[in-house]
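Just so it is clear, the structure is predicted and the values come from calculations on it, not from any experiment. All values below were derived from every heavy atom in this structure, side-chain atoms included, with hydrogens, water molecules and symmetry-related copies excluded.
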Amino acid sequence: RAYGIAARAAVDRLPTRHLVVRHRFSVEFGYAYVETARRAILDVDAEIVKEDFSDTVRFQIDVPHHQITALKKRLADLTAGSARIQPEDP
């Protein structure tokens with residue numbers, strides 16, 4: 001019984017983190033949209049994990065699950081429908 005009380009007290013003192021389910025996507029678009037796309041991604045608490053600049057710009061991003069639909073719509077709107085968004089989850 002004493003062990004249970006001590007264990008519960010220890011667990012109660014532990015720091016906690018809010019778990020956010022994230023999904024990885026790649027987004028490809030033209031150079032003209034780099035800054036607006038970057039802002040849109042960061043505005044929904046998504047994280048750009050890799051950037052590739054070649055003929056086009058390609059970002060790998062981790063997106064909170066609850067923001068996927070909104071971000072896809074926002075990127076499509078910002079790029080006049082030219083952004084290519086592909087899931088990269090296994």
For the side-chain contact (heavy atoms from CB on, under 4.5 Å) test, which of Thr69, Thr36, Asp43 pairs with Arg74? Asp43
Heavy-atom closest contact (Gln67 atom, Val63 atom, distance): C-CG1, 4.1 Å
Check Arg22 against Asp45 and note the closest heavy-atom contact, atom names and distance. NH2-O, 2.8 Å
What one should report as the nearest heavy-atom pair of Asp62 and Arg24 is OD1-NE, 2.7 Å
Contact between Val21 and His23 at the side-chain level, heavy atoms closer than 4.5 Å - yes or no? yes
Taking Glu88 first and then Arg58, would you say they form a salt bridge - that is, a charged N and a carboxylate O separated by under 4.0 Å? yes
Ile85 pairs by side-chain contact (heavy atoms from CB on, under 4.5 Å) with which of Ile61, Ile68, Val27? Val27
Heavy-atom side-chain contact between Leu78 and Phe29 under 4.5 Å: no
Are Val49 and Ile41 linked, directly or through intermediate hydrophobic residues, by side-chain heavy-atom contacts shorter than 4.5 Å (ILVMFWY only)? no
Gap separating the CZ atom of Arg84 from the OG1 atom of Thr79, nearest 0.5 angstrom: 9.5 Å
Asp12 and Arg8 ion-paired at < 4.0 Å: no
Is Tyr3 atom OH crowded by more than 12 heavy atoms from other residues, nucleotides or ligands, each under 6.0 Å away? no
Is it the case that the ring center of Phe25 lies less than 6.0 angstrom away from the ring center of Phe59? no
Testing the basics here: between Leu75 and Ala83, what is the closest heavy-atom pair and its distance to 0.1 Å? O-CB, 4.1 Å
Using modelled atom types only, decide if a donor and an acceptor are shared between the side chain of Tyr33 and the backbone of Ser82 within a distance under 3.5 Å. no
Does the side chain of Glu28 pick up a donor-acceptor pair with the side chain of Thr56 at under 3.5 Å? yes
List the atom of Leu71, the atom of Ala46, and the distance in Å for their closest heavy-atom pair. CD2-CB, 4.5 Å
Quick one: are Glu47 and Gln60 in side-chain contact, heavy atoms under 4.5 Å? no
